[in-house]
Number of protein chains: 2
Amino acid sequence: MNENKNISIKDVAKHANVSTATVSHVINGTRFVSEETKRKVHQAMDDLNYRINSVARSLRSRKSHVIAFLAPILASETSNFFFMSVAAGIQSVLKQNNYHLVLSDSHEELEFEEDEIRMLSSQMIDGLIMAPASRECDYDQHFGDYPVVYIDRVPNNHQRDSVLVDNKTVSKEAVQMLIGKGHKRIAFLSGPHTLTTTEERYEGYIEALTEAGIAVDSQLIRIGEVTLSNGYQLTDVLLQHDPSAIFVTDNVMAMGVMSYLQEKSIRVPGRIAVVAFDEFQWTRITSPPLTVIEQPAFELGVKAAEVMLERIENANAPRQEHRLTAKLIVRQSS
Amino acid sequence: MNENKNISIKDVAKHANVSTATVSHVINGTRFVSEETKRKVHQAMDDLNYRINSVARSLRSRKSHVIAFLAPILASETSNFFFMSVAAGIQSVLKQNNYHLVLSDSHEELEFEEDEIRMLSSQMIDGLIMAPASRECDYDQHFGDYPVVYIDRVPNNHQRDSVLVDNKTVSKEAVQMLIGKGHKRIAFLSGPHTLTTTEERYEGYIEALTEAGIAVDSQLIRIGEVTLSNGYQLTDVLLQHDPSAIFVTDNVMAMGVMSYLQEKSIRVPGRIAVVAFDEFQWTRITSPPLTVIEQPAFELGVKAAEVMLERIENANAPRQEHRLTAKLIVRQSS
DNA sequence: GTGAAAGCGCTAACAA
DNA sequence: TTGTTAGCGCTTTCAC
């Protein structure tokens with residue numbers, strides 16, 4: 001296929017009349033080499049079309065300069081965009097620091113996730129950034145000897161660095177905004193509380209109500225599988241309890257909500273106001289455009305990568321937990 | 001962090017009182033080992049919590065069992081979902097065959113792409129599946145000594161396997177459907193023809209018109225940057241030329257179209273019909289729900305992975321070009 | 001300023 | 001049925 005068959009550092013050394021050590025040092029800048037020798041080596045590398053074999057390099061140096069990102073990126077069209085933005089953020093700082101990113105999918109399922117961790121652990125990675133699929137799992141027993149940074153969510157009782165969104169604060173803010181507009185019966189629609197994120201959003205909702213002296217009505221709280229059709233059905237159920245607003249903590253469910261309201265010609269926000277999580281392009285073209293909470297996905301990735309690199313530098317630095325602020329974007333649906 | 005410091009095959013061998021060769025063969029099933037010995041070896045591996053070092057394994061065996069997928073996965077929230085579905089398809093067959101998938105982002109930019117190819121080529125991959133960002137580039141000079149399968153699009157004059165969507169046929173079908181409903185002035189809105197996909201869709205459009213004896217009106221054809229706002233603006237321009245239908249070959253532009261029509265309260269399909277590319281969940285919740293062309297993204301990935309594995313098996317098999325059929329989903333917008 | 005050589009953890013040819 | 005050992009391509013210590 002290509003003439004770059006098996007050109008090794010040895011061939012380059014021979015061609016340039018130097019030792020392999022010198023070639024290696026030229027490549028890595030790890031010790032002084034005279035200009036003249038450098039020139040010869042570069043010449044030889046060009047002539048032979050030499051490409052470093054980073055597998056051999058990793059084996060010897062015990063560093064791969066590869067960071068893995070494990071998240072439910074293939075799971076659904078919504079979660080995948082959030083995590084892809086996170087990935088883009090991670091990538092941007094890794095690239096600057098000469099690290100590489102490997103994306104790995106967890107399917108949001110524990111079993112898949114463990115498989116991937118096993119695989120990654122044997123591939124020699126220098127670090128793992130992950131959005132755990134479960135709070136309950138004891139991940140530590142699966143990890144290899146590399147730093148781990150949790151992103152977006154964390155498992156219970158973990159001892160690692162983490163970079164999270166301040167879900168509670170922004171959820172509270174959103175609900176308070178609704179309360180400020182006179183809403184008293186505010187429904188809460190979300191996926192199961194198996195993730196710390198969902199739980200935190202719930203807490204924000206409860207706190208806003210409580211502080212405003214509004215009684216929490218369990219009829220207005222619905223938890224269910226995160227699908228469009230489930231959002232649709234639960235909206236139907238919720239409407240029987242006469243809410244004047246719905247706070248949906250998931251984007252896909254929000255589509256279900258909107259499709260229900262549209263189909264039944266229920267006026268938004270006249271009859272019912274809607275606030276949803278996540279800013280996607282489609283939230284601007286619903287009728288009316290949606291009020292949403294925009295999560296700093298890219299920045300989450302940037303921060304996580306920064307934390308990772310710091311951790312690699314200094315294994316003993318104190319543990320960090322970062323909370324990034326999300327932004328409420330008020331549009332016509334509320 | 002973890003007690004699995006440096007357990008090698010050697011430690012296992014010592015612990016089990018066998019040779020490293022035996023351990024290796026137990027792991028890989030590459031030659032007969034007595035049950036008794038196998039048991040001892042497994043025992044030792046468990047005791048020591050041994051994990052294979054696949055870097056060493058790759059170095060020695062010159063196979064990594066890793067396939068890379070290079071595509072514009074981080075570029076935009078739309079393209080990314082298409083390619084993530086492709087990735088899921090690839091993943092599903094690789095997993096069954098004990099291969100691993102590494103996702104790599106091209107940003108839809110040649111420079112990024114070359115960077116990634118360079119990096120991948122030094123990482124010892126067994127194959128590369130890619131959606132080239134450009135038709136013009138001579139990719140072959142960048143590739144290493146592994147098979148390459150093009151997916152979704154191909155560069156000019158390539159000599160590789162490819163797995164593509166039958167864009168022309170389905171586009172033609174869509175336009176014919178519009179013609180069948182009496183439309184004569186059908187607008188065509190797309191991104192630049194730098195990708196084979198866009199070009200093929202254009203050909204389908206032209207062919208449908210021509211065969212129906214409808215003159216092609218260049219005023220009804222608009223090419224532009226693939227963004228929501230550009231879709232919005234070009235719709236405004238197009239409407240000055242009185243089309244009764246719009247065929248948009250890109251999903252993000254379609255959002256722009258819909259947002260314009262909605263904002264100006266233009267009836268769909270009464271005043272203007274809309275057909276767009278790609279089936280996303282949001283296309284079901286626009287008013288009215290969109291008629292779209294659904295690409296077999298997952299199947300594309302499956303096929304590409306299959307072709308790749310065949311190619312790895314047999315480097316000299318004849319070159320394959322596969323065309324998968326896309327599906328027109330007629331909903332209320334047309 | 002540069003070279004020789006050991007060895008990372010594994011696989012596989014050869015030997016027994 | 002199993003063991004011995006060379007060597008994959010690189011980095012890095014030690015020596016000069």
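Atom set for the values below is all heavy atoms of this structure, side chains included, hydrogens, waters and symmetry mates excluded. Proteins come first, then strands; the chains are lettered A, B, ... in the order of their sequence lines, and each starts at number 1. The structure presented is a predicted model; accordingly, all values stated were derived computationally and were not measured.
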Q: Examine C:dG9: is either OP1 or OP2 under 4.0 Å from a nitrogen or oxygen in the side chain of A:Arg62? Give yes or no.
A: yes
Q. Between A:Ser19 and C:dG3, is there a side-chain N or O to OP1/OP2 distance below 4.0 Å?
A. yes
Q.
Base, sugar-phosphate or nothing for B:Val18? Non-hydrogen atoms, less than 4.0 Å.
A. sugar-phosphate
Q: When you get a sec, tell me which of C:dT2, D:dT1, D:dG9 is the closest nucleotide to the side chain of B:Thr37?
A: D:dT1
Q | Side chain of B:Ile52 - closest among C:dT11, D:dG9, C:dG9 | A | C:dT11
(Q) Under the side-chain contact (heavy atoms from CB on, under 4.5 Å) test against B:Glu113, which residue among B:His107, B:His142, B:Met130 passes? (A) B:Met130
Q: Decide, yes or no, whether a salt bridge links A:Arg323 with A:Glu321 under the criterion of side-chain N to carboxylate O below 4.0 Å.
A: yes
Q | Nucleotide nearest A:Asn53 (side chain, heavy atoms from C-beta), chosen from C:dC10, D:dT11, D:dG9 | A | D:dG9
Q) Closest nucleotide of DNA chain D for B:Arg60 versus for B:Ser34: which of these residues is on the 5' side? A) B:Ser34
Q) Whole Å only: how far is the CG atom of B:Leu48 from the C1' atom of C:dG9? A) 15 Å
Q. Contact class for B:Asn17 (heavy atom, under 4.0 Å): base, sugar-phosphate, or nothing?
A. sugar-phosphate
(Q) Whole angstroms only, please: what is the CE-C1' distance between B:Met124 and D:dC10? (A) 11 Å
(Q) Please tell me if B:Arg57 has a side-chain N or O lying less than 4.0 Å from either OP1 or OP2 of C:dT11. (A) yes
Q: Could you tell me the separation between the CD atom of B:Glu36 and the C1' atom of D:dT2, rounded to a whole number of Å?
A: 14 Å
(Q) Using whole Å, what does the distance between atom P of nucleotide C:dG9 and atom CD of A:Gln123 come to? (A) 16 Å
Q | Whole-Å gap separating C1' (D:dC8) and CD1 (A:Ile9) | A | 13 Å
Q: Provide, to the nearest angstrom, the distance between the CD1 atom belonging to B:Ile7 and the P atom belonging to C:dC8.
A: 14 Å
Q: For the residue pair B:Tyr139 and B:Ser134, confirm or rule out a side-chain donor-acceptor distance under 3.5 Å.
A: no
Q) Salt bridge check: are B:Asp115 and B:Arg118 linked by an N-O gap of less than 4.0 Å? A) yes
Q) Between A:Val148 and A:His158, is any pair of side-chain heavy atoms under 4.5 Å apart? A) no
Q: Check each residue of residues 20-32 of chain B for a non-hydrogen atom within less than 4.0 Å of any atom in DNA chain D, then write out the ones that pass by number, or none.
A: B:Thr20, B:Ala21, B:Thr22, B:Arg31, B:Phe32
(Q) So that I can tick it off, tell me whether B:Glu108 and B:Arg153 are bridged by a salt bridge, with the cut-off set at under 4.0 angstrom between side-chain N and carboxylate O. (A) yes
Q. What's the spacing between A:Asn97 CG and A:Glu306 CD if we round to 0.5 Å?
A. 9.0 Å
Q: Rounded off to whole Å, could you give me the CG-to-P distance for the A:Leu59 and C:dA6 pair?
A: 17 Å
Q: May I have the distance from B:Lys10 (atom NZ) to D:dG7 (atom C1'), rounded to whole angstrom?
A: 14 Å
